[in-house]
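Worksheet: one structure, shown below.
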Amino acid sequence: MPICYHENSRTFHLYNDDVSYLMQVLPNGQMGQLYFGRKLRDREDFSYLVRTEERAMNSYTSEDRERRLSLQQVRQEYPSYGTSDFRSPAFEIEWQDGSRVSDFCYASHVIFKGKRKLEGLPAVYVEADGEADTLEITLVDRREGARMILSYTIFRDYGALARSVRIQAGGRGCRLERVMSLSLDLPDADFVSVQLSGAWARERYVKERRLEEGLQGVYSMRGASSSEHNPFLALRRPNAGERSGEVYAVSLIYSGNHLELVDVDHNHVTRLLAGIHPDTFSWKLEPGAVFQSPEAVLVYTDRGLNGMSGIFHELYRTRLRRGIWRDRACPIIINNWETTGCEFTEEKILELADTAKSLGVEMLVLDDGWFGDRENDWTGLGDWYVTNFQKLPHGIAGLAEKVKERGLRFGLWFEPEMVNKDSRLYREHPDWILQVEGRFASPGRNQHVLDFSRQEVVDYIYDAMEKVLGSADISYIKWDMNRYITECGSAAYPADRQGELFHRYILGVYSLYERLIARFPEILFESCSSGGSRFDPGMLYYAGQTWTSDNTDAVERVRIQYGTSYVYPLCSMGAHVSDVPNQQSGRITSMATRSNVAHFGVFGYQMNLTAVTDSEKEEIRRQIAWEKEHRDLIRCGRFYRLRDPFRENTGAWLVVSGDRREAMVGYYQIYREVNTGWDFLKLEGLDPDMLYSVNGGVQVSYGDELMNLGILLDQERFGIAKEDYASIILHIKAV
Ligand code: DGJ
């Protein structure tokens with residue numbers, strides 16, 4: 001997995017067994033991009049890829065007639081606007097004289113084993129130096145003395161590169177107006193872009209569009225990565241599907257405002273940019289000060305969208321998520337939210353705990369409503385240190401103890417970043433919310449956003465949470481965030497730093513997470529944002545799992561979990577069985593289908609277990625026993641999407657164990673169809689020469705048959721219920 005530097009041609013070649021990434025110092029000293037894709041044999045020189053011919057309407061980087069280098073004509077590593085390239089730039093810096101023209105040229109580079117940590121920001125990591133190599137290229141703008149360090153880590157085992165940028169101001173300081181985490185110039189535009197877009201309760205739907213000249217992309221300016229657009233974008237060849245074909249993808253490890261932009265130029269060169277959204281960002285750098293961009297992960301595969309997801313899943317499951325829970329199964333949860341809302345008593349919660357325990361549940365999570373005067377969502381938010389003794393006469397510590405006595409772990413909900421106006425915290429510190437003087441501060445869910453760009457606010461919330469967590473036996477935190485950011489202003493910063501607030505806010509959130517993790521390394525964190533409105537790689541670095549969506553309807557969840565799986569591993573997706581009619585959709589689905597969907601995530605319940613019938617209890621016991629037996633396979637196995645529920649009446653996916661001796665298929669049908677034709681479900685990832693039995697002998701076939709011919713999904717044969725929303729799990733086992 002070397003990183004080579006060829007001195008004569010000033011060419012860098014980063015490669016592993018799957019991919020090559022080539023760059024060269026251009027004749028004008030700036031960095032040019034030559035290639036990213038399937039692995040190439042290493043060579044001294046690829047300079048023929050730098051085009052220097054003269055063309056109408058081009059401007060050039062020198063007066064030299066022989067060397068007609070126009071930046072518009074070459075592919076660049078980290079391009080700027082203002083000289084001979086007119087496309088969307090990777091960065092923009094305003095210098096002291098008001099100009100925005102830059103000229104960052106190669107100065108030096110270092111290559112080292114392993115990977116550096118990113119200060120204050122989430123990032124993928126290595127556990128041993130042999131897992132990855134890193135190249136850092138230093139560029140200097142001579143007029144200003146400013147430096148820019150482009151960082152590239154190539155992993156040994158994945159077709160993935162982690163990229164980020166550090167900028168250090170020169171002696172006169174400057175203002176950063178745009179700092180993207182990466183830029184990639186591909187030589188053609190024969191791509192379909194794939195994005196994960198939606199809204200609350202329909203997060204991460206898969207959307208596609210054919211690239212054309214001009215700008216296209218996804219973004220968030222909501223203060224969170226958002227359910228509207230995930231910080232991810234893939235470019236697949238039109239003939240690429242799940243199983244084969246070229247896919248380029250970028251995933252930004254960041255939880256705030258982001259932009260993934262594709263700019264296709266007049267020659268069909270495709271520029272892909274990803275980073276902090278520049279429209280809500282500016283950053284003042286004093287002389288010598290440094291700014292670090294978030295990290296972006298760039299993936300290439302010729303094994304289709306499943307190939308792409310396989311890379312993200314493995315990398316994010318094992319080298320982004322951290323802590324002791326990274327390699328452990330999350331206990332099976334009962335969460336009271338959909339059953340009680342904020343209206344509960346200790347008695348009610350303990351009754352739920354008793355029943356849950358008798359069914360095999362392992363942890364009780366007390367959701368919103370346990371603190372301050374929290375009768376509903378108008379009051380109490382922020383008063384974490386004020387126990388609501390009316391609901392909980394023995395406080396949180398007392399309740400945690402009682403839950404523990406019953407043999408369950410105890411988990412607790414927080415919404416650390418928010419405050420209700422009707423709270424002690426707001427009354428004491430009305431200036432601690434994000435707001436602009438003389439402007440209305442728009443409430444959202446009757447609450448306001450605390451100014452996490454201020455150290456004293458983060459310190460205060462840390463102290464309050466530390467007190468609660470230190471006083472009771474708490475194994476798990478659900479960290480919620482139930483509104484986006486408006487009127488993003490802070491009383492603590494001068495006028496010329498107000499543009500920094502969105503980014504400073506998210507840095508504050510990350511720092512609070514980091515401190516709590518350091519203080520309570522045993523606690524399992526789950527992030528949440530009105531469901532999955534902040535389901536992003538940045539969050540996964542701190543909280544290894546995320547509540548996927550408030551929409552727990554099984555049919556909807558097939559789609560939501562299917563879309564989420566493009567980037568995120570199953571072990572990161574909170575998925576609960578809930579009551580019917582479903583709280584969001586009103587749909588009634590069978591208990592079997594609800595659990596058949598939830599098993600392919602971090603499994604739990606969000607239902608009133610005290611009200612279920614005896615036969616339902618039996619069914620729940622069976623589901624829990626199934627989960628305990630198979631959860632390690634689901635958590636660590638290789639995941640494949642088989643049927644697309646956005647395009648078809650059925651959805652299906654598959655998880656295969658590392659040794660390929662076992663696999664689980666989830667198959668979901670939306671409407672029952674009658675008098676249907678042949679329906680073969682082709683599996684993937686099995687050993688073609690291994691003999692497998694399907695569902696204890698309903699079918700015994702070799703892997704090649706199951707993958708090439710498929711399983712004949714005869715409704716009678718596999719006992720698929722004669723109803724809408726029926727589903728089955730197929731257990732494939734080597735015999
Ligand atoms: C939104 C979350 O997504 C729900 O699961 C629940 O925790 C509520 N907030 C509580 O207010």
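Atoms within each ligand, like the ligands themselves, are counted from 1 in listed order.
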I'd like to know whether ligand 1 has Arg445 as a neighbour, heavy-atom separation below 4.0 Å.
yes

Ligand 1 contacted by Lys478 (non-hydrogen, < 4.0 Å)
yes

What are the atoms of ligand 1, with element, lying closer than 4.0 Å to any heavy atom of Gly531?
3 (O)

Which atoms form the tightest heavy-atom contact between Asn388 and Arg374, and what is the distance?
ND2-N, 4.0 Å

What protein heavy atom sits nearest atom 7 (O) of ligand 1, and how far away is it?
Asp367 OD1, 2.7 Å

Going from CG on Leu233 to CG on Leu259, what distance comes out if it is rounded to the nearest 0.5 angstrom?
10.0 Å

Run the numbers for me: atoms of ligand 1, each under 4.0 Å from some heavy atom of Cys528, listed by number.
2 (C), 3 (O)

Show me which atoms of ligand 1 lie under 4.0 Å from any heavy atom of Trp413.
7 (O), 10 (C), 11 (O)

So the atoms of ligand 1 within less than 4.0 Å of a heavy atom of Asp550 turn out to be 1 (C), 2 (C), 3 (O), 4 (C), 5 (O)

Tell me which one of Trp384, Phe389, Trp413 satisfies ring-ring contact (aromatic ring centres under 6.0 Å, His included) with Trp370.
Trp384

Identity and distance of the protein heavy atom lying nearest atom 2 (C) of ligand 1:
Asp480 OD2, 3.3 Å

When you compare the side chains of Ser490 and Asp451, does any donor N or O come within less than 3.5 Å of an acceptor on the partner?
yes

Is the centre of the Phe525 ring less than 6.0 Å from the centre of the Tyr542 ring?
no

Closest protein heavy atom (residue, atom, distance) for atom 11 (O) of ligand 1:
Asp368 OD2, 2.7 Å

For residues 521-547, pull every pair meeting salt bridge (Lys or Arg N to Asp or Glu O under 4.0 Å), keeping only residues two or more places apart or in separate chains.
Glu417-Arg534

Below 4.0 angstrom from a heavy atom of Trp547, which ligand 1 atoms are there? Numbered from 1 as shown, please.
3 (O), 5 (O)

Taking the six-membered ring of Tyr566 as reference, does the cationic atom of Arg641 (NZ for Lys, CZ for Arg) lie under 6.0 Å from its centre and within 45° of its axis?
yes

Centre-to-centre under 6.0 Å for Trp653 and Tyr668, is that the case here?
yes

Which part of Asn482 is near ligand 1, with near meaning a heavy atom under 4.0 Å away: side chain, backbone, both or neither?
side chain

